[in-house]
K.L.:
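Sharing a structure, written as structure tokens. Questions coming.
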Amino acid sequence: MSQPVPAKQWHDRSNSLGYIQGGTEAQADLLRQVLVQLPCDGAESLEWQTPEGKRVGVRCEDLCRRVLSTPGLAERSDGGQWQPSAYAQQWLENKDNSFLAAHLHANVKFIGELLLAIGNQTKHADLLEVATETYGLNWTSLSPVRDRTGWLRSLGMIELWGQRVVRTELGDALLEILPLCPPGSAQGEEEEAAEPDGGEEGRLAFFGDSLQLEQVDLRNRRALIGYIPRGNASDSRDGDSTLTASAALRRLVALLGDGTGLEEFGEQCGSEFGISKTSFTSTMHALRHTGLVEQTSFNHFAPSEDAHRLVDEGNERLLAAYLHVRYLFFGEILRHLGKPTTTSALVAVAKEMYGYTQASNGEVRLRLSFLQDAGLVERVDWQRFRVTAAGRSFAKNLTLQLPVEAEPEETDLAGPQSVPPASGPAAVIAQLRQYGNVGTDSRDFEAAVARAFAFLGFQAEHLGGSGRTDVLGIAQLATKDRYRIIVDAKSSGSGQVAESGVKFDALRDHKRKHKADHVVVVGPEFAPRLKNWAAENEVILLRIEDLAALLDRHSRNPMPLTELRDAFSHIDTFSDDLAERYQALERRSLLMRRIIDLAFQEAVDEDPVDEGYISVENIIYALRKEFTPRPSRQEVDELIAFLSDPVVAAIESTKGRHKLIDSPRNLALRLAGLGGTVATD
């Protein structure tokens with residue numbers, strides 16, 4: 001091969017290199033056996049023979065999508081079949097292994113760079129150190145290095161002499177012509193050349209004046225995008241989703257066509273994305289709030305007027321601008337990516353600078369995915385992102401929310417007033433993050449964990465010391481409902497609790513000694529195998545960020561200790577079970593808020609006929625597009641009964657109709673006052 005294959009930018013290359021079952025040194029031969037069977041339909045089976053003569057068969061869709069598509073070796077045809085990529089087909093014809101190795105380098109991180117790192121006494125561990133320290137790859141095991149050396153061995157670029165990795169003459173020749181990525185660029189320390197202005201102003205003219213929002217509008221954008229299914233989880237080792245966020249929305253809108261029934265759409269989504277009925281409900285809730293999907297009749301939905309244009313391939317920046325108008329902390333992200341920044345750091349910015357208390361890693365990652373699809377943000381490495389030149393230009397055409405401390409004072413006397421929320425768990429969360437990643441201040445971290453569980457309603461006692469659990473939490477309830485938990489606090493300077501860091505035998509002793517019902521271990525992150533061991537030992541592993549999210553949600557919608565007890569009983573599904581319970585609580589709170597809003601609107605409307613009254617039927621009708629599933633009569637009746645109680649005194653009910661009898665501000669003060677009378681010592 002005389003000319004190198006043009007290499008993608010480092011951030012556009014894949015983190016993973018697939019593995020074809022059948023032997024490390026046989027990857028090139030196995031690939032050839034697979035490619036000659038293409039094109040084929042995804043449901044068909046591909047078969048090949050290992051060097052030992054064993055026959056292996058795999059579904060075409062699984063192998064091509066999960067192993068071959070990422071490094072650009074297979075792609076879908078217009079007819080939906082899987083076929084060799086142009087480069088793969090050329091390799092089949094020219095049989096030039098250097099050509100294929102150069103193609104892998106162009107599409108996958110740390111291929112040519114690995115060849116460069118091979119010295120006189122290089123071992124796999126040395127290559128892992130170069131990958132992580134020099135190129136900033138977030139690898140914690142030798143597996144991704146061995147994947148790459150396996151392919152390069154099969155292509156004749158390197159050999160393994162005992163424990164040493166040795167570059168061959170063929171590898172030397174290839175290295176001379178490969179365009180390598182400088183370490184500074186890989187780590188995001190070197191600014192790439194700015195791209196010319198992409199004419200964003202002309203493209204965004206589609207929105208008219210809708211991008212010119214007032215600060216009050218920006219603050220009132222929706223907090224949560226919600227659940228957008230991205231396809232079945234990939235089996236590739238970096239766990240990438242099958243579809244990008246924009247592609248997933250595009251596929252969902254396409255499945256709706258010109259409109260379809262809810263049940264049929266659910267079946268299509270289940271088949272296409274492999275999601276359950278519960279997940280489909282969450283998907284519909286998210287889709288309707290995007291405004292891309294609307295209800296056209298009973299249980300019948302269709303794309304909105306502009307949906308197809310917004311999700312069309314090539315219009316990703318239109319979609320990003322549209323989502324910025326609807327959701328908190330969207331375009332604002334671009335302002336905070338001047339330097340490579342992690343998702344967790346962006347979450348902290350969202351909460352501290354913009355008052356976006358519901359910000360989470362998942363929500364910010366979803367926003368970053370849309371911005372990446374639009375070319376406005378790029379991934380520097382496994383954890384960090386930065387804004388592109390196009391992103392800086394794009395942001396100039398948006399009205400961005402001002403940080404909370406920089407906003408001018410505003411008062412709105414026309415609508416319902418809100419009172420400042422009660423002091424939240426921000427201080428406890430800050431302490432958890434501060435001490436949980438130090439590794440030496442274990443006592444401080446234990447104390448912070450104790451305060452966290454006290455906030456959740458437990459009588460939490462910080463014990464610690466030899467032979468004792470770190471934190472004992474007691475749910476002070478009636479005898480039959482009372483239960484105990486013990487919590488082991490694991491601070492880690494590396495950011496991950498090692499396999500040896502959790503002593504399950506000691507936890508069993510502590511559980512028996514303190515007569516506890518449940519065991520929890522809190523730490524920053526956990527080594528992968530700990531998760532399986534914890535499930536086998538009936539121990540819940542709780543990440544600091546998950547505990548922080550729990551405290552944040554609990555501060556607004558406290559979960560009863562009896563429900564927390566039920567969640568602790570589901571070891572394998574603890575996080576998912578807890579999330580579903582909080583979603584139900586949040587739905588109830590949001591529903592009550594909207595009932596009050598509707599009653600307020602009806603009260604201030606100068607209507608001589610209804611005289612400020614509104615019926616349950618009208619409430620349900622007004623909320624039908626805001627909640628999925630739509631509120632039931634029982635849900636609304638229960639909340640109206642609560643609001644009508646003399647202690648709450650918010651609504652007056654007469655002959656099946658209901659009227660607001662006090663201002664929302666007074667109602668908020670009254671409820672806060674009632675809460676203040678409850679002893680919390």
K.L.:
Could you check whether any side-chain N or O of Arg230 sits under 3.5 Å from a backbone N or O of Leu243, counting only pairs where one atom can act as donor and the other as acceptor?
P.N.:
yes
K.L.:
From the options Arg657, His658, Glu602, Glu652, select the one residue that forms a side chain to side chain donor-acceptor pair (under 3.5 Å) with Tyr613.
P.N.:
Glu652
K.L.:
Would you say that Phe301 contacts Leu287 through its side chain, given a criterion of any heavy-atom pair below 4.5 Å between the two side chains?
P.N.:
no
K.L.:
Strictly distance-based, threshold 3.5 Å: is any side-chain N or O of Asp645 a donor or acceptor partner for the main-chain N or O of Val647?
P.N.:
yes
K.L.:
Given the ring of Tyr621, does Arg624 sit roughly above its face, with NZ or CZ under 6.0 Å from the centre of the six-membered ring and within 45° of the axis?
P.N.:
yes
K.L.:
Of all heavy-atom pairs between Ala245 and Leu366, which one has the smallest distance, and what is that distance?
P.N.:
CB-CD1, 3.9 Å
K.L.:
Determine the minimum heavy-atom distance between Phe330 and Ala320, stating which atoms define it.
P.N.:
CE2-O, 3.5 Å
K.L.:
Can you tell me which residue among Leu38, Leu73, Leu68 is in a side-chain contact (heavy atoms from CB on, under 4.5 Å) with Pro84?
P.N.:
Leu38
K.L.:
Below 4.5 Å, heavy atoms only, C-beta onward: do Leu368 and Leu346 meet side chain to side chain?
P.N.:
yes
K.L.:
Could you walk me through whether Arg76 and Glu61 satisfy the salt bridge (Lys or Arg N to Asp or Glu O under 4.0 Å) test, starting with their C-alpha distance in whole Å, then the side-chain angles of each, then the deciding distance to 0.1 Å, before giving a yes or no?
P.N.:
CA-CA 10 Å; Arg76 287 191 192 275; Glu61 177 73 21; 2.5 Å; yes
K.L.:
State, to 0.1 Å, how close Ser14 and Thr70 come at their nearest heavy-atom pair, and which atoms those are.
P.N.:
OG-CG2, 2.7 Å
K.L.:
Determine whether more than 12 heavy atoms belonging to other residues, nucleotides or ligands lie under 6.0 Å from atom CZ of Arg543.
P.N.:
yes
K.L.:
Show the numbers, then the answer: is there a side chain to side chain contact (heavy atoms under 4.5 Å, CB included) between Phe273 and Phe280?
P.N.:
CA-CA 10 Å; Phe273 297 99; Phe280 173 67; over 6 Å; no
K.L.:
Okay, side chain of Ser85, backbone of Gly72: is any donor-acceptor separation there less than 3.5 Å?
P.N.:
yes
K.L.:
Salt bridge (Lys or Arg N to Asp or Glu O under 4.0 Å) for Arg309 and Asp312? Distances and angles first, verdict last.
P.N.:
CA-CA 5 Å; Arg309 179 171 181 180; Asp312 273 351; over 6 Å; no
K.L.:
Side chains of Leu643 and Leu667, heavy atoms from C-beta outward: is any pair under 4.5 Å?
P.N.:
yes
K.L.:
Go through Phe329 and His336 one step at a time and tell me if the side chain to side chain contact (heavy atoms under 4.5 Å, CB included) criterion holds.
P.N.:
CA-CA 11 Å; Phe329 197 61; His336 298 282; 4.3 Å; yes
K.L.:
Taking it one step at a time, do Leu564 and Leu561 satisfy side chain to side chain contact (heavy atoms under 4.5 Å, CB included)?
P.N.:
CA-CA 5 Å; Leu564 278 173; Leu561 285 169; 4.0 Å; yes
K.L.:
Any donor and acceptor pair, going by atom type alone, linking the side chain of Ser304 with main-chain N or O of Gly291 inside 3.5 Å?
P.N.:
yes
K.L.:
Give the intermediate values and the outcome of salt bridge (Lys or Arg N to Asp or Glu O under 4.0 Å) for residues Glu316 and Arg250.
P.N.:
CA-CA 10 Å; Glu316 287 81 4; Arg250 186 178 309 123; 3.1 Å; yes
K.L.:
Take Val377 and Leu334, measure what side chain to side chain contact (heavy atoms under 4.5 Å, CB included) needs, and give me the verdict at the end.
P.N.:
CA-CA 8 Å; Val377 162; Leu334 301 173; 3.6 Å; yes
K.L.:
Show the nearest heavy-atom pair for residues Arg335 and Pro403, with the distance to one decimal.
P.N.:
NH1-CD, 3.8 Å
K.L.:
Minimum heavy-atom separation for Ser77 to Gln83, with atom names?
P.N.:
CB-OE1, 3.4 Å
